[in-house]
There are 2 protein chains.
Amino acid sequence: MSASPSPAGPRPYHHGNLKTALVEAGLALLEERGLGDLSLREIAARVGVSHTAPKNHFGSLKGLLTAIAAEGFRRHAAALEAGLKPADGPVERLHAAAEGYVRFARAHPALFRLMFSADLCDFGDPDLTAAASESYGVLARLAGRLEPGTAEPGERQTRMETLLWSIVHGYATLANEGQLAAGPDGAPVHGIADLFRHWPRFA
Amino acid sequence: MSASPSPAGPRPYHHGNLKTALVEAGLALLEERGLGDLSLREIAARVGVSHTAPKNHFGSLKGLLTAIAAEGFRRHAAALEAGLKPADGPVERLHAAAEGYVRFARAHPALFRLMFSADLCDFGDPDLTAAASESYGVLARLAGRLEPGTAEPGERQTRMETLLWSIVHGYATLANEGQLAAGPDGAPVHGIADLFRHWPRFA
DNA sequence: GCCGAAAATTTACACTGGAAACATGAGTGC
DNA sequence: GCACTCATGTTTCCAGTGTAAATTTTCGGC
């Protein structure tokens, strides 16, 4: 590959794959340092490039963060689908997706917060919105299965979608910020599935 | 010389009420500039004081933000209680509190985000935790009224509390970050009360 | 081989929060 | 009345941030 020069050779002037390398470095630093201590200069340094190099590809820090968030949403969508067994009924599938949602958020708290920070990301970016829609679509389809035929034609977001998203997202957010009472293992005492079971309609 | 605070006189060396003045300035700047563009130096400048003056009272920026968040939680608790009519039943009171929760979040988005940012605030601070508990208590009492006698003795956080808090907080957060489909007036098409009405148990 | 465009670099700037040394003055004990 | 104390603010400095502009290097098409 042109992107992988001889290991012993001097670092080439042109990186060859800077765009994706910066996103990956950003994702890695997000895990290590958290969102607050993340800096463009440090991401660039990790890739071995000057701190102004990202500008050519992303314009600004916000552009880079937007690209990172987009990749986050793609992985998020995959996490949602991960536990979905086609043989299960709509309720079981909902529970599985909800647990995937929360598991992803808790496994990658900094990335998750970035993904839902409208002032750090540019939600006008087509790539980001496409990735976010991909993730949202999983939840929306599950909501539709729970109430077939109730969505009005042309409706962008049903009440059931809003309700499900609110509860799952709220739980994940509160858990990540340390607001939910935690048991000895550090996890919240009530899992997200417990909440759904406590919710008569989907028990 | 004169201790009289004549309006035309030179600014005294000692402010006299810096602590609360800084918190109020911070709250005002939070409304105007948002959380991202908030700076300790600007808060200090608005009060007319050097940028290191806050250190004496708050230690660091995090300390100041913690104090601001605590004041936010007190106002938040007041907003929750605002629409509560004693004559109403538990369900009506829940709806009113939920709308108060969301209304506060949407009216003060930057403050609301600060209040739930564990990396910006110090949730080990007693004043902050007391204020946050005050706000949480309103919701917890409402949850208890919905299911009297179900809480196990000594239970810190019931499932019902977690469920209600998740849905309300998730809705407020998603709305603030512009993630919920909005109608022509900019508000989400489905209000928080619509979600509760859609939730069979509390329709 | 040459030349334009793309990709990185260097340099400079305004801004941030924090640390350290210093200045002020309000309050207290005598 | 007076001196001493010490909380409260100021000044100065520093490392670090993101961005802009001018410059250098390299790739790719002719």
Side-chain angles (χ1 to χ4, degrees), chain A residues 1-6 9-23 25-26 29-30 32-69 110 114 117 119-122, chain B residues 1-6 9-23 25-26 29-30 32-69 110 114 117 119-122:
Chain A
M1 294 284 288
S2 62
S4 57
S6 58
R11 183 169 52 83
Y13 191 91
H14 289 303
H15 183 282
N17 204 6
L18 225 198
K19 203 162 182 176
T20 68
L22 285 171
V23 170
L29 273 165
L30 220 40
E32 301 171 16
R33 289 229 194 290
L35 184 52
D37 293 14
L38 192 66
S39 85
L40 186 147
R41 289 174 111 105
E42 199 174 1
I43 297 178
R46 166 168 291 224
V47 177
V49 106
S50 81
H51 76 281
T52 52
K55 185 169 195 180
N56 295 316
H57 299 277
F58 300 103
S60 69
L61 172 62
K62 192 169 192 171
L64 174 53
L65 293 181
T66 299
I68 294 173
L114 170 63
S117 296
D119 56 338
L120 296 180
C121 302
D122 175 17
Chain B
M1 47 165 266
S2 70
S4 63
S6 63
R11 181 168 53 81
Y13 193 90
H14 289 302
H15 183 282
N17 203 8
L18 226 198
K19 203 162 182 176
T20 68
L22 285 170
V23 170
L29 274 166
L30 220 40
E32 301 171 14
R33 290 231 194 289
L35 184 52
D37 293 14
L38 192 66
S39 85
L40 186 146
R41 289 175 111 105
E42 199 173 2
I43 297 179
R46 165 168 291 224
V47 178
V49 108
S50 78
H51 81 279
T52 51
K55 186 169 195 179
N56 295 318
H57 299 276
F58 299 103
S60 69
L61 171 62
K62 192 168 192 172
L64 174 52
L65 293 181
T66 299
I68 294 173
L114 169 63
S117 295
D119 55 338
L120 297 180
C121 301
D122 174 17

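Protein chains get the first letters and strands the later ones, always in sequence-line order, with residue 1 at the start of each.
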Atom pair [atom1]/[atom2] of [X] and [Y] - distance to nearest 0.5 Å:
X	Y	atom1	atom2	result
B:Asp122	B:Phe58	CG	CZ	13.5 Å
B:Ile43	B:Leu65	CD1	CG	6.5 Å
B:Leu61	B:Leu120	CG	CG	8.0 Å

Take atom [atom1] of [X] and atom [atom2] of [N], then tell me their distance rounded to the nearest Å.
X	N	atom1	atom2	answer
A:Leu22	C:dA7	CG	P	13 Å
B:Phe58	D:dA7	CZ	P	17 Å
A:Glu42	D:dG16	CD	C1'	11 Å
A:Leu65	D:dG18	CG	C1'	11 Å
A:Leu35	D:dT17	CG	P	15 Å
B:Leu18	C:dG25	CG	P	15 Å
A:Lys19	C:dA7	NZ	C1'	13 Å
A:Leu38	D:dG16	CG	P	16 Å

Counting only side-chain N and O atoms of A:Lys55, is one of them less than 4.0 Å from OP1 or OP2 of D:dG18?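 A:Lys55 to D:dG18 OP1/OP2: no side-chain N or O under 4.0 Å.
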Would you say B:Ser50 reaches D:dT11's phosphate, i.e. side-chain N/O to OP1/OP2 under 4.0 Å? no
Please determine, for the side chain of A:Arg41, which listed nucleotide (D:dG18, C:dT9, D:dT10) has the closest atom?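 Out of D:dG18, C:dT9, D:dT10, the nucleotide with an atom closest to A:Arg41's side chain is D:dG18.
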Of the nucleotides D:dT19, C:dA7, D:dT8, which one has an atom closest to the side chain of A:Leu40?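 Nearest listed nucleotide: D:dT19.
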Need to verify one output field. Residue with the more 5' nearest nucleotide on DNA chain C, A:His51 or A:His57?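 The residue mapped nearer the 5' terminus is A:His57.
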Does the C:dA6 base have a donor-acceptor partner in the side chain of A:Asn56 within less than 3.5 Å? no
Which heavy-atom pair separates B:Cys121 from B:Leu114 by the least distance, and what is that distance?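 So the minimum-distance heavy-atom pair works out to SG-O, 3.2 Å.
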Nearest non-hydrogen partners of B:Arg46 and B:Glu32, listed with the distance: NH2-OE1, 2.9 Å
Nearest heavy atom decides the nucleotide; on that basis, is A:Asp37 or A:Thr52 closer to the 5' end of DNA chain D? A:Asp37
